[in-house]
Amino acid sequence: MTAESHNYQRLFNLSAHEKDSIFIFGPRGTGKTSWIKANIPKALYLDLLNTNLYAELVAHPSRLQNLIPPHFKNWIVIDEVQKIPALLNEVHRLIESQKFRFLLTGSSARSLKRKGVNLLAGRALNYRMHSLTCLELKNDFSLEKALKYGLLPKVYMTDSIERYLETYISTYLREEVLQEGITRNFGEFSRFLETASFSQGQVLNYSEVAREASLERRVVSNYFDILEDLLIGFRLPVFSKRAKRRMITHQKFYYFDTGVYRSIRPKGPLDISDEIDGAALETLFLQHLKAFNDYFELGYQFYFWQTSNKLEVDFIAYGKKGLIAFEIKRKRKIQPRDLTALKAFATDYPTAKLYLLYGGDQQEYYDNIQVIPFENALFKLPQILQNASCEEIKSHRE
């Protein structure tokens, strides 16, 4: 299957698994429903955001079978399946007894992680939908716009981008946090969200976040778990495999999209723009790393690297295809000190491929370190991750 979503052809593809049942997870607004409606017009579509349907199935999950025509051969789509986790028992039964094919979407994994929830025992494959990427936007991709507003599809459909991002947060929280009963104190959680935004791209200090948000440390730790379950935030672990130096043990935190991050983060007269812009640049790169890894099924895991004496590499990609280190710099000219951390990493891991992405215009080489303009690197990233050559990817913009 190929797809047009919001007039952009998505990299998301299920063509290799058209006979299997599928889970598609992804944050609200990344295009799951639009993709399905564009690609599978003959599917039986059941939307659990429909109040009447939700009320019927939450009371009687077994009625799911009555909504499906006998001997139905196309996909049966259940949108936002986490709203009624008990439906998964019925889905499981119908896959086994009727050989139906289900396509299940979810924007929260929290309900599905609860003890006793049937995750179909491997009978459904898991996929991820992400915000748009530069390869999907092609010539419509603007680095400046992506850094400021992010890559959610509706950002490229509306003239009221800032208002959309503001309502995205409030709507998402209202529907996911309040309706699922994740926390009873909505104001407290909103305050935590803002405080967490100051940790974007930073090593997490739960005690410091708790102090700034006037919350208990255990509450803050739980709230970070909730952000990951809602798929709107994630934590990046430190790379310590066969470490030859003393490494830190804390994680880094990122909201999933630059526009969401900037919308949540308060900005006052004392804020430093470079701090916000630097975190946005890292976020945009990590968005692409995670999206390409999932869409091309590359199998990498992602980390950062930081020693106890503050040597740091922003992102490490580790998997069967190899070990790759990425350092991100906003500056237009590279100085020798900018290469220090990558060189230290190469000393410990001599087989690693090393890249420094920066705000300049020229590709440069410093021994085994390739320095690439940031935007060019985004378009080259699939080839880099597949250990292909680093030639200019022109065809994706044509």
Side-chain angles (χ1 to χ4, degrees), residues 26-31 107-108 128-134 137 141-156 158 160-173 176-177 189-206 208-209 212-213 220 223-236 250-268 270-291 302 304 314-315 326 328-330 357 359 374-375 378:
R28 287 276 189 93
T30 48
S107 56
S108 169
R128 291 269 180 165
M129 179 76 83
H130 299 266
S131 297
L132 290 166
T133 67
C134 62
L137 286 166
F141 178 75
S142 161
L143 181 58
E144 181 180 1
K145 182 174 181 178
L147 288 172
K148 187 174 182 179
Y149 298 119
L151 293 170
L152 287 171
K154 197 165 183 179
V155 165
Y156 295 83
T158 180
S160 304
I161 299 175
E162 292 182 357
R163 184 176 180 84
Y164 163 68
L165 289 171
E166 290 172 1
T167 56
Y168 175 90
I169 298 301
S170 61
T171 300
Y172 195 98
L173 290 178
E176 297 292 352
V177 176
F189 190 74
S190 296
R191 187 168 72 251
F192 159 76
L193 279 180
E194 289 191 358
T195 306
S197 70
F198 288 92
S199 296
Q200 184 83 353
Q202 302 295 318
V203 175
L204 270 180
N205 184 324
Y206 293 110
E208 183 177 327
V209 175
E212 292 292 329
V220 164
Y223 281 173
F224 275 110
D225 290 340
I226 289 173
L227 289 185
E228 288 196 320
D229 289 342
L230 295 179
L231 309 180
I232 62 173
F234 53 88
R235 286 165 288 193
L236 199 67
H250 297 289
Q251 300 169 311
K252 278 188 173 183
F253 171 75
Y254 290 89
Y255 283 110
F256 80 97
D257 180 88
T258 55
V260 170
Y261 152 61
R262 296 187 84 134
S263 181
I264 293 175
R265 192 192 192 284
K267 184 177 180 182
L270 299 180
D271 285 307
I272 301 173
S273 295
D274 284 354
E275 292 180 356
I276 299 174
D277 295 342
L281 198 69
E282 288 186 24
T283 304
L284 185 64
F285 181 73
L286 187 54
Q287 284 180 238
H288 281 80
L289 266 183
K290 291 171 69 68
F302 300 115
F304 74 103
D314 292 319
F315 301 110
F326 300 96
I328 314 295
K329 301 289 185 184
R330 293 181 63 244
L357 283 54
F374 182 86
E375 184 171 349
L378 290 185

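Both backbone and side-chain heavy atoms feed into the values below; hydrogens, waters and symmetry mates do not.
Annotation: E162, atom CD; neighbour count of heavy atoms from other residues, nucleotides and ligands within 6.0 Å does not exceed 12.
Side-chain contact between D257 and Y168: absent, with no pair of heavy atoms (C-beta onward) separated by less than 4.5 Å. In this structure, K145 and Y156 have side chains that are in contact, with non-hydrogen atoms separated by less than 4.5 Å. Residues L357 and K329 are not in side-chain contact: their nearest non-hydrogen atoms beyond the backbone lie 4.5 Å or more apart. Annotation: side chain of L227 is in contact with side chain of L193 (closest heavy-atom distance under 4.5 Å). Counting heavy atoms from C-beta on, the side chains of L281 and L147 come closer than 4.5 Å. You'll find the side chain of T133 stays beyond 4.5 Å of the side chain of L378, heavy atoms only. Residues F256 and L152 have side chains in contact (heavy-atom distance under 4.5 Å, counting atoms from C-beta outward). Between Y149 and I161, some side-chain heavy-atom pair lies under the 4.5 Å cut-off.
For the residue pair E282 and Y254, a side-chain donor N or O sits within less than 3.5 Å of a side-chain acceptor on the partner. Looking only at atom types and distance, the side chain of S263 has no donor-acceptor partner in the side chain of E166 under 3.5 Å away.
Expressed to the nearest 0.5 Å, how far CZ of R28 lies from CD1 of I169 amounts to 12.0 Å.
Ring pair F192/Y223 is tilted by interplanar angle, where 30° to 60° counts as tilted. Ring pair Y206/F224 is perpendicular by interplanar angle, where above 60° counts as perpendicular and below 30° as parallel.
The closest donor-acceptor contact from the side chain of S131 to the backbone of G150 lies at 3.5 Å or more, if one exists at all.
With respect to the salt-bridge test (charged N to carboxylate O, under 4.0 angstrom), the residues R235 and E228 qualify. With salt bridges taken as basic N to acidic carboxylate O contacts below 4.0 Å, one links R262 and D277.
Here the closest non-hydrogen pair linking L231 and G26 is CD1-N, 3.5 Å. F198 approaches P266 most closely through the heavy-atom pair CE1-CD, 3.8 Å.
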Handout entry: Step-by-step ring-ring contact (aromatic ring centres under 6.0 Å, His included) determination, F304 to F315
Key = CA-CA 4 Å; F304 74 103; F315 301 110; 8.7 Å; no
Practice task
Apply side-chain contact (heavy atoms from CB on, under 4.5 Å) to E375 and F141, showing your working.
Solution key: CA-CA 10 Å; E375 184 171 349; F141 178 75; 3.7 Å; yes
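The cationic atom of K290 (NZ for Lys, CZ for Arg) lies less than 6.0 Å from the six-membered ring centre of F234 and within 45° of the ring axis.
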